[in-house]
Amino acid sequence: MQTGLEDQLGLYQKRIPIFTRSVKGRFRRFKTSVLVLAYAIYFLLPWLPWSRLDAPAQAVLFDLPGRRFLIFGLTVYPQDVIWLALLLFIAAIFLFFVTGLVGRAFCGYFCFQTLWTDFFIWIEHKIQGERPARVRLYRQPWDREKLVKVGGTHALWILVSFWTGLTFVAYFTYAPQLVVDFVTGQAAAAAYITTGILTLSTYAAAGLMREQICTYVCPYGRFQSVMYEPETLAVHYDARRGEGTLGRAVVRAGRGIVVERRRAEGAVAEERRRSSLSAGQRALAERNEKGFGDCVDCGLCVQVCPVGIDIRDGLQYKCISCGLCIDACNTIMDSFGFPRGLIRYDSEKNLAAATPAPPRVQWKRLKTIGYGVALALMIGYLGYSVATRGSFDRAVNQIRQPLYVVLSNGDIRNRYQIRITNKAAEDQTYVFSARGIPADALDLGNFNEITIKPGHSGLVQASVRLSPAVAANTQHFELVITPRGKPAEARSEKVRFDTPGKRP
Amino acid sequence: MSEQKLQSQTVQTTGHAWDGDLQEYNNPLPAWWVYTFYATVVFALVYWTIYPSWPFGKGWIGGVSQITYVNSEGETKTHSWNTRALLMEDLNQAAAAQKPYFDKVSAMPYEQIAKDPEMNGFILSAGKALFADNCAPCHQAGGQGVVSFFPNLTDDDWLYGGSYDTIHETLMGGRRGYMPAFGEVLDGEQVDQLANYVASLSGIEHDAGKAAAGNVLFHSDTAACYYCHTSEATGRKDMGAPNLTDNIWLWADVPAATGGEGKVAAIRGVIANGLNKGVMPAWSGRLSPEQIKVLTVYVHELGGGQ
């Protein structure tokens with residue numbers, strides 16, 4: 001019998017709002033430091049001055065009309081696209097490498113979606129209060145208080161989104177001028193459009209969609225999941241310890257916990273942990289004897305989770321590995337005097353072992369070592385390539401129509417087109433010479449040297465004329481291009497010389 | 001059983017029943033889908049207003065978007081949006097971008113153009129395009145020509161002279177190369193003697209006895225070769241008579257012929273049959289003076305000029 005046709009299950013599931021409780025601990029501290037550092041770099045970098053001869057004094061400037069990318073002392077031209085390719089390769093391999101070792105660390109601590117969402121939640125928390133207050137506000141009808149608080153939150157979000165968008169645009173033009181032009185309506189249309197799109201998308205992604213981006217939109221989370229191995233460290237709930245044989249148990253009356261306790265200062269919590277150690281141990285022994293696990297089912301790990309999952313259901317695709325449930329659980333374990341680490345970074349393999357060892361990063365695997373070696377090689381090559389970059393680009397093309405010309409006295413002539421792109425910061429004159437052929441064979445016509453402006457290209461036609469006897473013995477020669485006054489930066493190109501009847 | 005199913009489901013039917021129990025579910029489209037459809041209708045209406053849309057009588061409804069361009073006759077035309085007008089507009093813009101360079105070309109003397117790095121870059125790119133459009137069908141893309149038909153422009157031999165002025169003259173007025181058919185006035189033996197003499201001039205294997213006789217004939221008024229080719233056989237540039245003493249062959253395909261006998265035969269053919277195909281058209285009416293000037297410098301640079 002056919003079924004399902006009449007099912008009235010909606011295809012669209014309404015989002016269940018998540019109100020995260022704030023928490024303190026190692027991972028929260030780490031996340032906050034990354035957030036502050038990343039924001040400092042992103043928002044301040046376009047404002048960093050850097051004196052230049054021929055460009056605005058901005059340390060990082062992607063000069064699209066000028067077809068160049070100014071990054072501190074380095075000027076990158078579109079011809080250097082191989083560096084970008086290499087950088088993207090390095091980023092990808094680094095992601096695979098890290099994911100193999102410690103899971104979705106990128107998602108949890110460094111991804112801009114996580115960072116901006118985290119910051120937006122912080123704003124929400126500052127204005128609307130802690131989780132219970134926010135839940136109450138959510139449920140109450142639209143009154144003045146709700147209007148002011150929710151409206152204020154969204155207004156601040158839009159403001160942050162706007163500044164995020166404007167800062168992005170500031171990387172492409174001189175920042176102080178951009179802000180003035182933007183306000184006075186003089187900025188380029190692209191600046192307004194880009195800022196508008198980024199404002200909207202930041203507001204929508206970090207304010208409204210949040211974990212839905214990670215769950216439904218982002219492909220990285222999905223493909224990182226398949227890179228997990230049994231040895232990979234990830235945020236795990238130690239089910240064997242937490243569940244015991246009879247499952248979780250809330251703490252019995254009289255020892256009920258007050259969740260607000262975790263708000264106590266770190267030092268106080270530490271002292272309390274020490275003082276109640278023996279009591280905690282006793283309580284734990286009692287529980288274990290009865291067959292209950294260590295989990296007191298306080299639900300704090302669920303309340304702090306930014307993606308709204310219960311880590312005790314096991315590793316799941318929605319988990320972005322941010323570690324906040326570890327902080328939450330450790331706080332609770334401390335307050336009871338139970339040992340920490342009921343939720344912890346651990347590997348599936350270790351958790352399944354008869355006697356789990358202390359969790360540690362396990363890198364002695366072929367995949368991890370392979371990624372590590374590839375990473376080291378690529379970073380090394382990129383560094384080498386950038387450090388030894390030439391001050392100019394050159395291309396010597398033999399003119400192929402015709403490959404050679406027989407002259408009236410029987411000499412053979414080959415012609416070449418030389419294109420030079422000046423990548424230095426100032427005008428540069430280039431001189432040409434040849435190695436491997438007689439000194440007078442190279443003829444540059446009217447241009448024995450050429451002066452090129454920075455970032456520009458110049459064309460020179462060269463011809464080489466050899467007598468039949470010399471030509472017969474010349475397959476190749478070297479064309480040397482030397483920036484005047486900088487013999488150390490000279491580069492040579494091996495070029496062909498063609499003669500009649502000779503096959504390559 | 002179908003009764004049971006119909007009772008259990010909550011989807012509305014269209015209300016019709018065929019063959020007693022055949023009914024049709026009425027599942028409405030999702031709202032967003034319907035709205036998207038309405039949006040496409042609105043889009044189409046806006047599009048029809050702006051761009052050409054419907055056939056109307058013998059023409060069509062052009063829409064409000066218009067393009068103004070200058071056509072090749074210099075007339076300004078305004079037309080409703082179409083891709084040809086769009087192309088003309090693009091060409092106008094490209095021409096406007098090139099204009100400062102062409103203005104410079106017409107203002108500067110040849111030597112100065114060739115020595116200015118920026119102008120030289122312009123000559124290399126604009127000249128290449130002009131050459132490819134107008135000259136390459138005969139002289140080939142690289143200017144290497146075709147032996148027995150079109151001269152090679154990349155070597156150092158110039159039929160009419162390789163200075164800027166003579167190249168310019170050649171381009172403006174065209175050229176007509178002509179050599180009478182000596183087979184009609186000389187006998188076969190004499191033609192053979194002349195061929196051997198010409199071969200001897202550039203060191204090709206030949207019959208010394210015939211060449212000596214040919215030498216006499218060359219400078220005699222019977223054959224009168226020296227009228228055009230000069231008594232040194234280096235050719236008169238004002239007549240376009242080729243230099244016979246160098247290694248370059250335009251009409252007789254000597255480089256491709258094998259053996260001394262074959263090469264002499266190739267020369268003999270040219271002497272006996274003469275030439276009436278060395279025609280280059282005049283470009284003065286077809287290209288602008290600036291374009292011809294660009295081509296002059298470009299061609300001069302191809303072979304190194306003189």
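Just so it is clear, the structure is predicted and the values come from calculations on it, not from any experiment. Lettering of chains follows the sequences in order, A, B, ..., and the numbering in each one begins at 1. The figures that follow rest on heavy atoms only: side chains count, while hydrogens, waters and symmetry mates do not.
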Query raised in the report: Under the ring pair (Phe, Tyr, Trp, His ring centres under 6.0 Å) criterion, do A:Y416 and A:F477 qualify, and how do the steps go?
Result: CA-CA 12 Å; A:Y416 305 89; A:F477 68 94; 5.6 Å; yes

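Salt-bridge formation is not detected for the pair A:R52/A:D63: no Lys NZ or Arg NE/NH1/NH2 atom is positioned less than 4.0 Å from an Asp or Glu carboxylate oxygen. Using a cutoff of 4.0 Å between basic side-chain nitrogens and carboxylate oxygens, A:R413 and A:D411 are not scored as salt-bridged.
Contact annotation for A:L407: both backbone and side-chain heavy atoms come within less than 4.5 Å of a heavy atom of chain B. For a residue to count as touching a neighbouring chain, one of its non-hydrogen atoms must lie under 4.5 Å from one of that chain's; by this rule A:R419 does not touch chain B. With a 4.5 Å cut-off on non-hydrogen atoms, A:R415 touches chain B through its side chain but not through its backbone.
Aromatic rings of B:F122 and B:F102 (six-membered ring for Trp) have centroids within the 6.0 Å cut-off, being under it.
For the side chain to side chain contact (heavy atoms under 4.5 Å, CB included) test with B:W249, the passing option among B:D157, B:N152, B:I267 is B:I267; the others fail.
With chain A as the partner, the residue from B:D156, B:L124, B:D246 showing the most heavy-atom pairs under 4.5 Å is B:D156. Options B:G145, B:A141, B:G203 differ in how many heavy-atom pairs under 4.5 Å they form with chain A, and the most are formed by B:A141.
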